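Only one structure is covered here, and it is reproduced in the block below.
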Amino acid sequence: MSTTAAVWGRAEQQDYRSRVRGCLLGTAIGDALGAGVAHLAVESIRAAHGADGLTDLAPAHGRRGAVTSVTQLALFTVDGLIRAHVRRDTGSWHPPTDLHRAYLRWAATQRDWGPDERRKDNGWLAAQEWLYSRRGPDSATLTGLGDDVLGTLDRPKNPAARDAGALARSAPFGLLVGWEPHLVCQLAVECAAQTHGHPEAYLAAGAYAVVVHGMARGQDIATAVRGAAAQLAPRPGHEPVIAAMDQALAAVRQGAPSPDRIAALGDTDGEAAADALAIALYCAQVGEDVRHGLRLAVNHDGPSQLTGALTGGLLGVLHGETALPPAWLAELEGRSTVLETADDFAMEMTQGPALHGPTAASPGWLARYPR
């Protein structure tokens with residue numbers, strides 16, 4: 001794969017960093033908001049939180065603001081992308097392999113290993129102690145990463161898995177703004193097939209990445225969705241994903257948002273990847289602001305942490321970090337790690353050669369992200 005070179009002025013770098021921060025923090029906030037009501041029916045949510053449903057962070061995993069495996073995996077996607085970027089000039093560049101290694105590093109955090117048993121050369125992110133908590137990873141992700149075999153489009157892992165597990169970790173691919181959309185789509189699709197081998201699952205991941213990519217480049221949501229549909233159209237099995245995206249665009253014009261309208265976007269309560277994608281696209285478009293969009297995304301029957309995270313990633317990249325609710329950010333688990341990971345990614349994409357090229361002043365970057 002090749003990339004299109006990006007020329008970065010100072011203002012462009014600042015805007016890009018804000019969008020990267022917004023995307024990753026928005027993903028984590030949506031994940032944390034939805035975690036408090038994950039898989040509850042909307043009637044149960046209202047019974048617990050009032051007629052308006054969930055309007056604020058609720059306790060999950062022993063605290064308010066706790067994130068799930070969705071955020072963990074999104075961070076390891078970023079880690080893998082940075083490592084891939086660092087390796088570009090080594091002569092053995094294959095980004096799907098670098099992402100697979102990153103996901104295996106995440107899988108290692110889910111085992112009962114003590115600090116003395118962990119690899120010392122796994123880089124900075126894998127050393128963050130709070131990531132070694134098991135937070136409801138989906139079965140396809142666990143089984144797909146249960147060995148060292150790399151799943152590919154020709155030989156995907158879990159070919160029957162069509163849930164949104166791979167989709168939820170795919171926003172960072174869209175932050176590769178120097179890449180052309182077809183390359184972003186291809187990488188996201190290939191990496192999704194490492195755990196979720198059904199075309200609906202990996203094509204939804206590719207579509208979501210392209211939507212994020214378009215928005216990171218300044219497009220509105222509807223334009224970015226149409227661009228994603230164009231990327232998917234030539235690929236076998238695209239029909240349910242494109243139909244879901246079309247349905248999300250059409251629903252915006254059908255009246256005020258409600259849980260019933262959100263439920264009408266799919267036949268599996270958001271569990272299938274295409275349905276979760278449609279819910280996120282819809283909520284991101286109709287939300288009056290980030291807070292409202294995220295509340296819509298989690299108050300429905302289904303995997304609220306997934307749809308919250310997907311919606312948060314979209315709204316975050318659209319508006320940047322300053323639009324995110326400060327009170328929710330203040331309680332977010334792992335906020336400093338998310339911020340540092342986001343800033344590392346933005347630095348690598350805009351200043352990579354200065355960080356690890358032949359004239360780099362310090363070897364510290366390669367200690368954080370080994371080749």
Side-chain angles (χ1 to χ4, degrees), residues 3-31 71 74-75 77-86 88 124-125 170-181 183-184 187 208-221 223-224 227 284 287 289-291 293-294 309-330 332 334-357 359-362 364-366 368-369:
T3 64
T4 299
V7 179
W8 300 93
R10 183 169 182 177
E12 291 171 318
Q13 287 187 34
Q14 291 175 341
D15 177 71
Y16 178 62
R17 188 179 76 161
S18 177
R19 290 181 188 269
V20 172
R21 282 184 163 194
C23 185
L24 296 184
L25 287 170
T27 295
I29 288 175
D31 179 22
T71 296
L75 292 176
T77 298
V78 176
D79 179 68
L81 289 173
I82 294 174
R83 303 273 277 264
H85 209 255
V86 167
R88 282 184 308 167
W124 172 77
L125 185 65
S170 296
F173 297 114
L175 300 174
L176 295 166
V177 296
W179 291 45
E180 291 302 319
L183 296 176
V184 170
L187 181 57
Y208 183 63
V210 175
V211 172
V212 171
H213 184 255
M215 294 166 67
R217 286 180 158 188
Q219 296 177 357
D220 59 52
I221 297 178
T223 301
D289 55 22
V290 174
R291 188 184 295 269
L294 288 178
L310 293 168
T311 304
L314 294 173
L315 291 172
V317 75
L318 178 64
H319 298 296
E321 63 171 319
T322 58
L324 301 176
W328 291 354
L329 278 174
L332 181 65
R335 177 167 60 102
S336 62
T337 301
V338 178
L339 272 172
E340 198 164 348
T341 304
D343 288 350
D344 282 358
F345 183 85
M347 287 178 62
E348 176 61 40
M349 295 304 123
T350 59
Q351 305 172 41
L355 297 170
H356 51 74
T359 60
S362 169
W365 197 255
L366 294 181
R368 290 173 71 82
Y369 300 102

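Model, not experiment: these values are computed from the prediction.
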Study note, to complete from the structure: Heavy-atom closest pair (Leu315 atom, Ala284 atom, distance to 0.1 Å) is CD2-O, 3.5 Å
Practice item. Could you check if a side-chain atom of Leu24 sits within less than 4.5 angstrom of a side-chain atom of Pro172, using non-hydrogen atoms only? Key: yes
Review point. Would you say the side chain of Phe173 lies within less than 4.5 Å of the side chain of Val212, judging by non-hydrogen atoms?
Key: no
Review point. Thr27 side chain to Cys23 main-chain N or O, any donor-acceptor pair under 3.5 Å?
Key: yes
Review point. Are Trp365 and Glu348 close enough that some pair of their side-chain heavy atoms sits under 4.5 Å apart?
Key: yes
Exercise for review: Apply the test side chain to side chain contact (heavy atoms under 4.5 Å, CB included) to residues Val20 and Val78: give CA-CA distance (whole Å), side-chain angles for both, the deciding distance (0.1 Å), then the verdict.
Suggested key: CA-CA 10 Å; Val20 172; Val78 176; over 6 Å; no
Study note, to complete from the structure: On a heavy-atom basis, the closest approach of Val210 and Val184 is N-CG1, 4.3 Å
Exercise for review: Write down the atom of Pro325, the atom of Val290, and the distance for their closest heavy-atom approach.
Suggested key: CD-CG1, 3.9 Å
Practice item. State the OG1-CG distance between Thr71 and Leu332, to the nearest 0.5 angstrom. Key: 7.0 Å
Exercise for review: Identify the heavy atoms of Gly214 and Ala224 that sit nearest to each other, and give their distance.
Suggested key: CA-CB, 4.3 Å
Check your understanding: So among Asp343, Asp344, Asp15, which one has a salt bridge (Lys or Arg N to Asp or Glu O under 4.0 Å) with Arg21?
Key -> Asp343
Review point. Any side-chain heavy atom of Met215 within less than 4.5 Å of one from Ile221?
Key: yes
**Study point:** Check: Ile29 and Leu329 side chains under 4.5 Å, non-hydrogen atoms
**Key:** yes
Check your understanding: Rounded to the nearest 0.5 Å, what separation is found between the CG atom of Leu175 and the CZ atom of Arg17?
Key -> 14.5 Å
Review point. Are any non-hydrogen side-chain atoms of Trp124 and Glu340 less than 4.5 angstrom apart?
Key: yes
Check your understanding: In Å and rounded to the nearest 0.5 Å, what is the CZ to CG distance from Arg19 to Leu318?
Key -> 7.0 Å
Review point. What's the spacing between Asp31 CG and Leu25 CG if we round to 0.5 Å?
Key: 12.5 Å
Check your understanding: Taking all non-hydrogen atoms of both residues, which atom of Arg217 and which atom of Gly178 are closest, and how far apart?
Key -> NH2-C, 4.4 Å
Check your understanding: Quick check: does any side chain N or O of His85 sit under 3.5 Å from a backbone N or O of Phe345, one acting as donor and the other as acceptor?
Key -> no
**Study point:** CD-NE2 distance between Glu180 and His213, expressed to the nearest 0.5 angstrom
**Key:** 7.0 Å
Check your understanding: Counting N and O atoms only, with roles assigned by atom type, does the side chain of Tyr369 sit under 3.5 Å from a partner on the main chain of Leu81, one being a donor and the other an acceptor?
Key -> no
Review point. Which distance, rounded to the nearest 0.5 Å, do you find between the CZ of Arg368 and the CG of Leu125?
Key: 9.5 Å
Check your understanding: Distance-only, no hydrogens or angles: does the Tyr208 side chain make a donor-acceptor pair with backbone N or O of Leu310 under 3.5 Å?
Key -> yes
Check your understanding: How far apart are the closest heavy atoms of Ala209 and Ser170, and which atoms are they?
Key -> CB-O, 3.8 Å
